[in-house]
Undergrad: 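Have a look at this one.
For reference, positions follow the sequence shown, starting with 1.
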Amino acid sequence: MTAGGQAEGAGAGADPASARLPSRVAKLLSALFYGTCSFLLVLINKALLTTYRFPSPIVLGVGQMAVTIMILYVSKLNKIIHFPDFDKKIPTKLFPLPLLYVGNHISGLASTSKLSLPMFTVLRKFTIPLTLLLETIILGKQYSLNIIVSVFAIILGAFVAAGSDLAFNLEGYIFVFLNDIFTAANGVYTKQKMDPKATEFNQWKNVLFIIQFLLSCFLGFLLMYSTVLCSYYNSALTTAVVGAIKNVSVAYIGMLVGGDYIFSVLNFVGLNICMAGGLRYSFLTLGSQLKPKQPVEEENISQDLKV
């Protein structure tokens, strides 16, 4: 019996519900892993760039990318993972993903250093409508009215909050919107296919700072890995949604820590509208992602495999 015949026989006797279980578990765990890594990285980056006043987001970004390359290289040498050696054709095949990754990385760190955590997380929610728009244009996806209403609430809340931001920083706003564009484009395309001030920084002898710096570098690798994993098992939109759920907790924590959030009633109302829209949108999207396929579709797939 061939391997295809064995797979067919095993599939015929398996319970459809149990066959779907590993896939649903993988979706949930990958989304949870991504959300946790993203949450921790934002808090640590904020502490490094604001509390310790580390002067160079670029150096921090280079450190994260260097750790990522080192881990991948060591893993390949030990045959833990396998990927082809560098080839001149690889940059062409991957384009524009490397540019999107670098742009996303640098703009994200720069905006984190210049905005309060609540405003940073609210403005980062523009990733969701941008991702939805790009998936509609590039991947040809369509979305329900409920999801569109939720996106409208996100945009409305963000505009209300931004319009009453007493700590408005134009440079920070520009960076965070660039970060939104890079994040959305990077997610969709993935699914489809040194500063002198840093060397003179006076905290390099601070053990606690060094630990957080190294942890940020390691979490940079974990975030990249978890993003790819979540996009693989789910979709680029689901990855953006999980990030939005994570941002809710980051925003409210950021009101209490960091020291750079200035409270105003209108701004707080806008934050909450945006958060509510983001949560509703997140649950609607994740619910549709985790919904089991219809038996008719499974039968059609089985017939296609037999042919």
Undergrad: Side-chain heavy atoms under 4.5 angstrom apart, residues restricted to Ile, Leu, Val, Met, Phe, Trp, Tyr: same cluster for F152 and F126?
TA: no

Undergrad: Grab the two heavy atoms, one from S111 and one from G172, that are nearest each other, plus how far apart they are.
TA: CB-O, 3.9 Å

Undergrad: L29 and F33: side chain to side chain contact (heavy atoms under 4.5 Å, CB included), yes or no, with the steps?
TA: CA-CA 6 Å; L29 290 180; F33 181 41; over 6 Å; no

Undergrad: Determine, step by step, whether L41 and Q64 satisfy the side chain to side chain contact (heavy atoms under 4.5 Å, CB included) criterion, reporting the C-alpha distance in whole Å, the side-chain angles of both residues, the deciding distance to 0.1 Å, and the verdict.
TA: CA-CA 11 Å; L41 187 58; Q64 293 175 353; 3.7 Å; yes

Undergrad: Of all the heavy-atom pairs spanning A31 and C230, show the shortest one and how long it is.
TA: CA-SG, 3.8 Å

Undergrad: Taking the six-membered ring for Trp, is the centroid-to-centroid distance between F213 and Y52 below 6.0 Å?
TA: no

Undergrad: Could you check whether any side-chain N or O of N179 sits under 3.5 Å from a backbone N or O of F175, counting only pairs where one atom can act as donor and the other as acceptor?
TA: no

Undergrad: Strictly distance-based, threshold 3.5 Å: is any side-chain N or O of R124 a donor or acceptor partner for the main-chain N or O of G108?
TA: no

Undergrad: Return the OG1 to CD1 distance between T112 and I44, rounded to the nearest 0.5 Å.
TA: 12.5 Å

Undergrad: Walk me through whether F177 and L123 qualify under side chain to side chain contact (heavy atoms under 4.5 Å, CB included).
TA: CA-CA 7 Å; F177 282 122; L123 295 175; 4.1 Å; yes

Undergrad: Counting N and O atoms only, with roles assigned by atom type, does the side chain of N272 sit under 3.5 Å from a partner on the main chain of F268, one being a donor and the other an acceptor?
TA: yes

Undergrad: Got a donor-acceptor contact below 3.5 angstrom from the N78 side chain to the I80 backbone?
TA: no

Undergrad: Considering non-hydrogen atoms only, spot the tightest contact between V160 and L266 and give its length.
TA: CG1-O, 3.6 Å

Undergrad: Any chain of hydrophobic side-chain contacts (each under 4.5 Å) joining L145 to L133?
TA: no

Undergrad: Rounded to the nearest 0.5 Å, how far apart are CG of L223 and OG1 of T36?
TA: 11.0 Å

Undergrad: Please report the interatomic distance CZ(F263) to CG(L271), rounded to the nearest 0.5 Å.
TA: 9.5 Å

Undergrad: Mind checking whether Y225 and T68 have side chains closer than 4.5 Å, heavy atoms only?
TA: no

Undergrad: Which value, rounded to the nearest 0.5 Å, describes the distance between Y34 atom OH and S30 atom OG?
TA: 11.5 Å

Undergrad: Would a single hydrophobic cluster contain both I174 and L130, if residues Ile, Leu, Val, Met, Phe, Trp and Tyr are joined by side-chain heavy-atom contacts under 4.5 Å?
TA: no

Undergrad: Hey, are the side chains of M119 and V176 touching, using non-hydrogen atoms and a 4.5 Å cut-off?
TA: no

Undergrad: Please identify which of these residues, L208, V207, N206, L214, meets the side-chain contact (heavy atoms from CB on, under 4.5 Å) condition with I210.
TA: L214

Undergrad: Looking at K114 and E171, would you say the former's side chain and the latter's main chain have a donor-acceptor pair under 3.5 Å?
TA: no

Undergrad: Can you measure from CG (L219) to CE (M224) and round to the nearest 0.5 angstrom?
TA: 12.5 Å

Undergrad: Using only atom types and a distance under 3.5 Å, with no angle test, would you say the side chain of S216 pairs donor to acceptor with the backbone of Q212?
TA: no

Undergrad: With rounding to the nearest 0.5 Å, note down the distance linking CZ in F218 to SG in C37.
TA: 8.5 Å

Undergrad: For a quick test of reading the model, state the closest non-hydrogen atom pair linking N267 to A161 and the distance between them.
TA: ND2-O, 2.7 Å

Undergrad: Is the number of heavy atoms from other residues, nucleotides or ligands under 6.0 Å of F209 CZ greater than 12?
TA: yes

Undergrad: Assigning hydrophobic clusters by single linkage (Ile, Leu, Val, Met, Phe, Trp, Tyr; side-chain heavy-atom cutoff under 4.5 Å), is F159 placed with L115?
TA: yes

Undergrad: Does the pair F54 and V59 meet the rule for a side chain to side chain contact (heavy atoms under 4.5 Å, CB included), with working shown?
TA: CA-CA 9 Å; F54 186 67; V59 171; 4.0 Å; yes

Undergrad: Donor-acceptor pair, distance only, cut-off 3.5 Å: does the side chain of T136 make one with the backbone of L132?
TA: yes

Undergrad: Between L222 and M70, is there a shared hydrophobic cluster once you connect ILVMFWY residues whose side-chain heavy atoms come closer than 4.5 Å?
TA: no

Undergrad: Short question: side chain of T183, backbone of D180 - any donor-acceptor pair under 3.5 Å?
TA: no

Undergrad: Can you name the ring pair (Phe, Tyr, Trp, His ring centres under 6.0 Å) partners of Y173, sequence neighbours left out?
TA: F168

Undergrad: Output yes when a side-chain donor or acceptor of T51 lies under 3.5 Å from a complementary backbone atom of L48, and no otherwise.
TA: no

